[in-house]
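Counting begins at 1 with the first residue of the sequence. Order of appearance sets the numbers: ligands from 1, and atoms from 1 within every ligand.
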Amino acid sequence: MTKPKVFVSRIIPAAGLDQVKAHCEVDLWTERMPPPYEVLTERVRGVDGLLCLLTDRIDPALMDAAGPQLKVISQMAVGYDNIHIPAAAERGIPVGHTPGVLTEATADLTFALLLAAARRIVEGVNYIKAGKWETWEPETLLGADLAGAKLGIIGYGRIGRAVAKRASGFDMNLIAYDPTISAEDAARLGITLVELDTLLAESDFVTVHTPLTAETRHLINHDTLHKMKRSAILINTARGPIVDPGALYDALKAGTIAYAALDVTEPEPIAADHPLLSLPNLTIVPHIGSASVRTRNQMAEIAAANLLAGLRGKPLPHQVPNR
Ligand code: NAP
Ligand code: GLV
């Protein structure tokens, strides 16, 4: 029996790739950088399945270039803002993603950034490297306490809740903004839901965990930053374009908020000479939320399972809802 043809847009962990190779005729993109859009469009012509990453733009034109035989798109990530979901639905192509397995790793990274920002870890490291550590001083590198501080969580889904669990262990007070959660569910989850303006005004720390959508693009902008406390610390491990980078630069420079720590940026990657990187009160890491060995193996396994299910015409274990 002939094997289905698939394009895999980068080398992924063997835990998933070996499964795909065992059951498919694989065209594998082996370069470190993602395939340019035009090249991707060429390489998907005639494939039955596509295993892609969040760095690939999967739009209606690309789906049409692939052809009507395309049975499944499987993304090795939970976020899918790079894929035109309505276009896939119109063409009857199920889209898979990898929810759940990366929740804890991403919540860990969020908390690592929160602690690093609160206690000025990166500034401390740079302080030593600059030869400034000459004695113990009563008022140098003073940061913020977590115990008793208020953490505002924007988007109370899987990762938002896992962050809440960690914050509870640090005796933080929690509030959340998530218009998709009912009062009954909030009571069951033990979280206080508030309006966005209330969250921004009251929180000592604000952490973002929504998907990137038309509603959340630049949700953190000049206006919302000015509603935050001057002492507030902003964390974003969701998607870069949820935070307007120009507005963030102005707010950090002017002291409108105290500090920001980001795992995701707009644009991504961010250039080493970007103005944001000149600020002392900002820490950025390169989109490593899910980057633990076990998590990436599990993501690859799920991406492979979604791909193979779709090729067999079966329901995907983790299918993106058509909305
Ligand atoms: P999730 O379980 O779907 O949680 C997202 C929550 O935000 C859901 O409750 C969602 O409601 C809600 N929401 C949607 N629109 C909103 C809005 N306008 N305002 C406030 N809340 C809103 O997703 P997750 O697994 O926690 O992942 C969240 C996002 O994190 C992903 O979409 C991805 O972009 C990002 N992520 C980043 C990394 C990284 O490496 N840095 C790793 C994993 C995930 P509905 O369910 O009704 O839409
Ligand atoms: C990573 O950003 C993901 O969405 O899985």
Identity and distance of the protein heavy atom lying nearest [atom]:
atom	answer
atom 28 (C) of ligand 1	H209 O, 3.5 Å
atom 33 (C) of ligand 1	R239 NH1, 3.7 Å
atom 42 (C) of ligand 1	T106 OG1, 3.2 Å
atom 9 (O) of ligand 1	D178 OD2, 2.7 Å
atom 5 (O) of ligand 2	V78 N, 2.8 Å
atom 4 (O) of ligand 1	G157 CA, 3.2 Å
atom 45 (P) of ligand 1	T180 OG1, 3.7 Å
atom 32 (O) of ligand 1	P211 CA, 3.4 Å
atom 17 (C) of ligand 1	T216 CG2, 3.8 Å

Inset, instruction - Using only heavy-atom distances, determine whether the side chains of R158 and T106 contain a donor-acceptor pair under 3.5 Å. - result: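 Result is no, nothing qualifies.
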Heteroatom proximity flag, [X] to ligand 1, N/O under 3.5 Å:
X	result
R158	yes
E215	no
D263	yes

Should [X] and [Y] be counted in the same cluster of Ile, Leu, Val, Met, Phe, Trp and Tyr side chains packed under 4.5 Å apart?
X	Y	answer
L113	V125	no
L252	I233	no
L199	L174	no
I159	I235	yes

Inset, instruction - Select the closest option to atom 21 (N) of ligand 1 among T98, N236, T210, judged by heavy-atom distance. - result: T210
Inset, instruction - Please work out which of T237, I159, L219 has its closest non-hydrogen atom nearest to atom 26 (O) of ligand 1. - result: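 Among T237, I159, L219, the closest heavy atom to atom 26 (O) of ligand 1 belongs to I159.
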Legend entry - Close N or O approach (A238, ligand 2; < 3.5 Å): no
Inset, instruction - Please work out which of the three classes, parallel, tilted or perpendicular, describes the rings of H97 and Y80, given edges at 30° and 60°. - result: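 The rings of Y80 and H97 stand perpendicular, inter-plane angle above 60°.
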Take every heavy atom of [X], measure it against each atom of ligand 1, and state whether any distance is under 4.0 Å.
X	result
L212	no
V78	yes
S290	yes

Inset, instruction - Can you see which heavy atom on L51 is nearest to which on L307, and at what distance? - result: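 What the structure gives for the nearest pair is N-CD1, 4.2 Å.
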Legend entry - Minimal non-hydrogen separation, E25 against K3, with atom names: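 Heavy-atom minimum between the residues: N-CB, 3.8 Å.
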Inset, instruction - Consider ligand 2: state whether an atom of it lies below 4.0 angstrom from any non-hydrogen atom of M76. - result: no
Numbered atoms and elements of ligand 2 in range of [X], under 4.0 angstrom, heavy atoms:
X	answer
L102	5 (O)
R239	1 (C), 2 (O), 3 (C), 4 (O)
H287	1 (C), 2 (O)
L54	1 (C), 2 (O)

Inset, instruction - With rounding to the nearest 0.5 Å, note down the distance linking CG in L196 to CG in D178. - result: 11.0 Å
Inset, instruction - Enumerate the atoms of ligand 1 whose separation from the nearest heavy atom of A238 is less than 4.0 angstrom. - result: 30 (O), 34 (O), 35 (C), 36 (N), 37 (C)
Inset, instruction - Could you tell me which atoms of ligand 1, counted from 1 in the order shown, lie closer than 4.0 angstrom to a heavy atom of H287? - result: 39 (C), 40 (O), 41 (N)
Inset, instruction - Kindly indicate, with the supporting measurements, whether the criterion side-chain contact (heavy atoms from CB on, under 4.5 Å) is fulfilled by L316 and V95. - result: CA-CA 8 Å; L316 312 195; V95 177; 5.8 Å; no
Legend entry - Quiz item: cation-pi between R57 and Y37, 6.0 Å / 45°: yes
Legend entry - Salt bridge flag under 4.0 Å for residues D64 and R91: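 R91 and D64: salt-bridged.
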Inset, instruction - May I ask you to check whether F170 and F111 place their ring centers less than 6.0 Å from one another? - result: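 Ring centroids of F170 and F111 are less than 6.0 Å from each other.
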Inset, instruction - Please lay out, stage by stage, how L248 and I257 fare under the test side-chain contact (heavy atoms from CB on, under 4.5 Å). - result: CA-CA 9 Å; L248 180 64; I257 66 167; 4.1 Å; yes
Inset, instruction - For a salt bridge (Lys or Arg N to Asp or Glu O under 4.0 Å) with D27, tell me which candidate from K21, K5, R43 qualifies. - result: R43
